[in-house]
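Reviewing the structure listed below.
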Amino acid sequence: MKSGLLFNQKYSIILLKLSISLLLFIFFYLFFFTKSSIFFPFSEPSSNLHKPHHSSSGDEKCDIFTGKWIADPSGPAYSHVSCPFIEPPQNCIKNGRPDTAFLYWRWKPDGCHISSLDPLRFLKAMRNKSWAFIGDSILRNQVRSLICLLHKEDEPIEVYHDEQYKSMKWLFANYNFTLSLIWSPLLMKAEIFEDDDGVSKSDMQLHLDTIDTQWSNKYNNFDYILISGGQWFLKTAIYWEKNNIIGCHYCPEKNLTELPLNYSYQKVLSLIFNFVLSSNHKPIVIYRTWAPSHFEYREWSNGGICNRTEPFNGGLIHEEDVDLLMRSIEIEEFLRAMMKNTNNLKLLDTYNLSARRPDGHPGPYRKFHSFGTMVQNDCLHWCLPGPIDSWNFLLMDMILRN
């Protein structure tokens with residue numbers, strides 16, 4: 001009896017020690033491997049966010065934003081030679097990038113097939129329609145991709161540009177289809193003092209309660225609108241509400257209240273979605289999610305690089321804490337808006353498929369033959385052609401379904 005009791009006690013102690021060890025292992029894993037940038041298993045989007053729908057090429061239902069990158073020997077739909085609309089910082093091959101494997105991948109949704117690129121079908125569907133793309137330089141990157149995909153069927157004519165060529169407008173004359181790019185990196189009223197190299201001579205002033213009239217005054221002119229942003233909210237800014245300074249982001253030298261990112265970004269998205277819902281004009285409004293960067297080893301400003309040459313395999317992605325924060329804010333505000341039963345608000349959720357493509361950025365090839373240790377890498381924007389083209393494949397698929 002005594003020996004049996006001792007055995008049970010020892011067995012219980014061993015189990016207790018194993019349980020404690022397991023809990024400690026889980027704690028240390030979560031603590032050390034969910035901070036800053038880290039590689040970890042890819043988690044697919046929630047089914048509550050991406051409801052199954054019909055793809056444009058058949059009757060099967062699927063979530064076009066959940067899937068994987070597969071090898072595609074056919075290559076891109078255009079080249080840096082065939083498309084004259086690629087801006088120099090994204091013309092990676094022309095700038096001397098030696099590897100081309102990043103061009104031979106295609107996004108394949110799980111459980112269904114999206115239509116192959118059909119620019120003629122898209123242009124026919126957009127006859128006499130008007131589009132606006134509203135946002136920052138990443139959105140400008142996407143617009144150039146879309147123009148490259150469409151220009152084989154109809155040569156776009158530039159009919160407007162502002163002084164800095166940040167806001168522009170093109171006409172596809174054969175279809176009377178207009179595509180406008182509206183530069184509004186914060187989507188709100190803002191005073192910006194930054195040059196084209198990102199050097200600012202004064203702190204940005206951001207009015208969190210006033211939508212940018214550069215796009216809101218033209219809202220009624222468009223049949224389709226795509227909105228995106230986010231990256232500029234990471235910059236130093238002084239926040240205004242009701243014509244008074246209420247705080248700032250990242251301004252330690254000033255005697256102002258430091259407000260978290262979730263305060264400003266959540267407030268802005270809520271205001272924008274409310275504007276869309278309350279407007280009497282009902283265009284199709286598409287919100288494109290946060291575009292993750294792929295700086296590794298260091299930050300963008302002190303030597304971070306992106307020198308990978310193929311997508312992540314095995315379900316791994318590279319995320320920053322700020323990526324997770326900004327995306328969670330977007331999804332929360334989008335779902336809150338959708339609860340109001342809007343039919344004209346859509347989500348282009350390119351976040352997860354983009355997070356798997358660390359190979360798609362210009363890196364040091366944002367300039368012609370840029371080599372050397374002092375070159376600042378661009379691991380935020382995307383090479384053209386490149387993975388960003390898939391954003392427009394999915395965008396066209398969404399529109400053609402309707």
Side-chain angles (χ1 to χ4, degrees), residues 50-65 67 74 76-78 82-83 85 106-109 112-135 139-160 168-182 215 218-228 276 279 281-289 338 342-350 353 384-385 388-402:
H50 300 134
K51 295 180 180 179
H53 55 247
H54 293 280
S55 70
S56 64
S57 58
D59 295 329
E60 68 267 57
K61 293 183 178 181
C62 74
D63 168 14
I64 60 175
F65 306 113
S74 63
Y78 62 92
S82 68
C83 182
F85 299 96
R106 175 171 56 87
W107 177 250
K108 174 65 173 67
C112 71
H113 172 70
I114 60 173
S115 60
S116 58
L117 175 67
D118 190 344
L120 179 59
R121 182 184 172 201
F122 180 78
L123 285 169
K124 285 181 177 180
M126 292 299 105
R127 189 182 297 277
N128 301 321
K129 302 295 184 183
S130 181
W131 275 70
F133 286 72
I134 303 165
L139 180 132
R140 185 166 72 238
N141 199 176
Q142 182 180 0
V143 168
R144 296 288 181 166
S145 162
L146 180 59
I147 290 175
C148 285
L149 293 171
L150 297 177
H151 97 282
K152 289 190 297 183
E153 293 299 334
D154 192 17
E155 189 76 13
I157 303 167
E158 183 185 309
V159 294
Y160 168 78
M168 303 182 71
K169 183 177 180 179
W170 294 268
L171 170 67
F172 293 82
N174 289 333
Y175 300 90
N176 192 32
F177 167 51
T178 59
L179 194 161
S180 296
L181 169 63
I182 301 176
W215 67 268
K218 302 167 186 162
Y219 184 80
N220 291 351
N221 299 335
F222 303 112
D223 302 295
Y224 294 86
I225 294 173
L226 191 146
I227 299 174
S228 70
V276 171
S279 175
H281 180 56
K282 297 297 180 184
I284 297 297
V285 178
I286 303 154
Y287 185 82
R288 198 207 72 224
T289 49
M338 291 300 292
T342 177
N343 292 319
N344 67 317
L345 186 61
K346 312 294 180 183
L347 188 71
L348 181 64
D349 191 7
T350 58
L353 64 94
L384 292 180
I388 194 173
D389 295 323
S390 65
W391 299 4
N392 289 318
F393 294 163
L394 297 180
L395 175 64
M396 287 189 275
D397 188 85
M398 288 173 60
I399 298 305
L400 291 175
R401 272 190 287 108
N402 296 314

**Report entry** CD1-CG distance between I64 and D349, expressed to the nearest 0.5 angstrom
**Finding:** 10.0 Å
Query - Pairwise distance OH(Y224) to CZ(F177) - rounded to 0.5 angstrom - result: 9.5 Å
Query raised in the report: Is there a donor-acceptor contact under 3.5 Å from the side chain of H151 to the main chain of S82?
Result: yes
Query raised in the report: Sequence neighbours excluded, which residues qualify as side chain to side chain donor-acceptor pair (under 3.5 Å) partners of W170?
Result: none
Query raised in the report: Got a sec, which residues hit ring-ring contact (aromatic ring centres under 6.0 Å, His included) with Y219, two or more places apart in sequence or on another chain?
Result: F275, H281
Query raised in the report: Where the side chain of D223 meets the backbone of K129, is there a donor-acceptor pair that is under 3.5 Å apart?
Result: no
Query raised in the report: Is there a donor-acceptor pair closer than 3.5 Å between any side-chain N or O of R127 and the backbone N or O of N174?
Result: yes
**Report entry** Whether R288 side chain and L348 backbone form a donor-acceptor pair below 3.5 Å
**Finding:** no
Report summary line: Residues passing the ring-ring contact (aromatic ring centres under 6.0 Å, His included) test with F133, sequence neighbours excluded, are W131
**Report entry** M396 and L150, any side-chain heavy atoms less than 4.5 Å apart
**Finding:** yes
Query raised in the report: Which pair of non-hydrogen atoms, one from L149 and one from P119, has the smallest distance, and what is that distance?
Result: O-CB, 3.5 Å
Query raised in the report: Is D118 reaching over with its side chain to a backbone N or O of R121, donor-acceptor style, under 3.5 angstrom?
Result: yes
Report task. Look up atom CD1 in I227 and atom OH in Y287, then write down how far apart they are to the nearest 0.5 Å. Result -> 8.5 Å
Requested in this report: Please examine the side chains of I114 and K108, heavy atoms only from C-beta on, and report whether any two atoms are closer than 4.5 Å.
Outcome: no
Query raised in the report: Is I388 close to N141 at the side-chain level, that is, under 4.5 Å between some pair of heavy atoms?
Result: yes
Requested in this report: Compare all side-chain heavy atoms of L120 with those of Y175 and state whether any distance is below 4.5 angstrom.
Outcome: yes
Query raised in the report: Which heavy-atom pair separates C148 from F85 by the least distance, and what is that distance?
Result: SG-CB, 4.4 Å
Query raised in the report: Counting only heavy atoms not in N343, do more than 12 sit closer than 6.0 Å to its CG atom?
Result: no
Query raised in the report: Are P109 and D63 close enough that some pair of their side-chain heavy atoms sits under 4.5 Å apart?
Result: no
**Report entry** Intermediate values then yes/no, side-chain contact (heavy atoms from CB on, under 4.5 Å), I225 and I134
**Finding:** CA-CA 7 Å; I225 294 173; I134 303 165; 3.6 Å; yes
Query raised in the report: Is a side-chain donor or acceptor of K152 paired with a backbone partner of A77 at a separation under 3.5 angstrom?
Result: yes
Report summary line: To the nearest 0.5 Å, atom CZ of R144 lies from atom SG of C83 at 8.5 Å
Query raised in the report: Can you list the steps and then say if L226 with Q142 is a side-chain contact (heavy atoms from CB on, under 4.5 Å)?
Result: CA-CA 11 Å; L226 191 146; Q142 182 180 0; 4.0 Å; yes
**Report entry** Which residues share a ring-ring contact (aromatic ring centres under 6.0 Å, His included) with F393, sequence neighbours left out
**Finding:** none
**Report entry** pair L394-L353: side-chain heavy atoms closer than 4.5 Å
**Finding:** yes
Report task. Please indicate whether K282 has more than 12 foreign heavy atoms, meaning atoms of other residues, nucleotides or ligands, lying under 6.0 Å from its NZ. Result -> yes
**Report entry** side chain to side chain contact (heavy atoms under 4.5 Å, CB included) involving S180 - partner list, sequence neighbours excluded
**Finding:** K169, F222
Requested in this report: Please test V159 against M168 for side-chain contact (heavy atoms from CB on, under 4.5 Å), starting from the C-alpha separation and ending with a verdict.
Outcome: CA-CA 8 Å; V159 294; M168 303 182 71; over 6 Å; no
Requested in this report: Could you walk me through whether L139 and L181 pass side-chain contact (heavy atoms from CB on, under 4.5 Å), step by step?
Outcome: CA-CA 9 Å; L139 180 132; L181 169 63; 3.3 Å; yes
Query raised in the report: Between CG of D397 and NE2 of H113, what distance do you get to the nearest 0.5 Å?
Result: 9.0 Å
Query raised in the report: Given side chains that start at C-beta, do those of V276 and T342 come closer than 4.5 Å, heavy atoms only?
Result: no
Query raised in the report: To the nearest 0.5 Å, what is the distance between OG (S145) and CG (N392)?
Result: 4.0 Å
Query - Listed partners of Y78 passing ring-ring contact (aromatic ring centres under 6.0 Å, His included), at least two apart - result: none
Report summary line: Only residue of L345, N344, I399 satisfying side chain to side chain contact (heavy atoms under 4.5 Å, CB included) with I286 is I399
